[in-house]
Amino acid sequence: MKSIETNSDLLSEPIFQQSSKDAYQNEVFESSEKLGSVEQQSAKNSSGCVSWVVESVVFPDGTEFRGKYKGYFYYGKVRNGTLTLDEKEFISPCEAALTITRSPIDGWLFWDCKLPGQGSWMNISEFKK
């Protein structure tokens with residue numbers, strides 16, 4: 001009878017299998033890391049509401065946001081110094097857009113906003129000019 005030799009190095013290494021869901025989550029996490037860190041800033045107005053300040057652009061509390069992806073609109077609102085979508089808070093427009101598209105995207109081009117008291121939507125990249 002022949003004996004079978006095993007490579008002991010292979011047996012000493014732990015085997016790690018990753019589900020496709022875990023692989024996707026890791027990919028999204030790594031992509032968001034590549035976007036860089038964003039320092040959260042906020043500013044209170046005279047009524048005590050906190051505005052969201054991103055790259056020196058001030059979005060007053062109550063500003064509505066919308067982004068369109070694959071034929072669907074996604075809505076958010078500025079609350080307490082952050083962009084809030086489905087009760088999740090984001091400190092950057094890119095981070096919020098990434099959760100919808102699941103791929104790196106320029107959030108400044110993705111989002112439109114409607115300031116409190118205004119009737120029309122405007123792409124947020126216009127505020128950076």
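Counting begins at 1 with the first residue of the sequence.
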Distance-only donor-acceptor pairs under 3.5 Å for side chains of residues 115-129, two or more places apart:
{"residue": "Asn123", "atom": "OD1", "partner": "Ser125", "partner atom": "N", "Å": "2.9"}
{"residue": "Asn123", "atom": "OD1", "partner": "Ser125", "partner atom": "OG", "Å": "2.5"}
{"residue": "Asn123", "atom": "ND2", "partner": "Leu109", "partner atom": "O", "Å": "2.9"}
{"residue": "Asn123", "atom": "ND2", "partner": "Trp111", "partner atom": "O", "Å": "3.3"}
{"residue": "Asn123", "atom": "ND2", "partner": "Asp112", "partner atom": "OD1", "Å": "3.3"}
{"residue": "Glu126", "atom": "OE2", "partner": "Lys129", "partner atom": "NZ", "Å": "3.3"}
{"residue": "Lys128", "atom": "NZ", "partner": "Glu55", "partner atom": "OE1", "Å": "3.2"}

Going by atom type alone, with no hydrogens or angles, which donor-acceptor pairs under 3.5 Å involve a side-chain atom of residues 63-71 and a protein atom two or more places apart or on another chain?
{"residue": "Thr63", "atom": "OG1", "partner": "Pro60", "partner atom": "O", "Å": "2.6"}
{"residue": "Tyr69", "atom": "OH", "partner": "Thr101", "partner atom": "O", "Å": "3.4"}

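Across every non-hydrogen atom of Leu85 and Ala96, the tightest pair is CD1-CB, 3.7 Å. Scanning all heavy atoms of the two residues, the minimum distance from Ala97 to Ile105 falls at CB-CG2, 3.4 Å. Across all their heavy atoms, Val78 and Val50 have their closest contact at CG1-O, 4.3 Å.
Panel note: side chain Asp61, backbone Gly81; no donor-acceptor pair is recorded below 3.5 Å. Judged by distance alone, the side chain of Asp106 and the main-chain N or O of Trp108 form a donor-acceptor pair under 3.5 Å. A donor-acceptor pair under 3.5 Å is formed between the side chain of Thr82 and the backbone N or O of Arg79.
Between Ile100 and Tyr72, every side-chain heavy-atom pair lies at or beyond the 4.5 Å cut-off. Phe90 is listed as a side-chain neighbour of Thr99, based on a closest heavy-atom distance under 4.5 Å.
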Where do Glu89 and Glu95 land on the side chain to side chain contact (heavy atoms under 4.5 Å, CB included) test, with the steps shown first? CA-CA 10 Å; Glu89 296 178 337; Glu95 180 188 25; over 6 Å; no
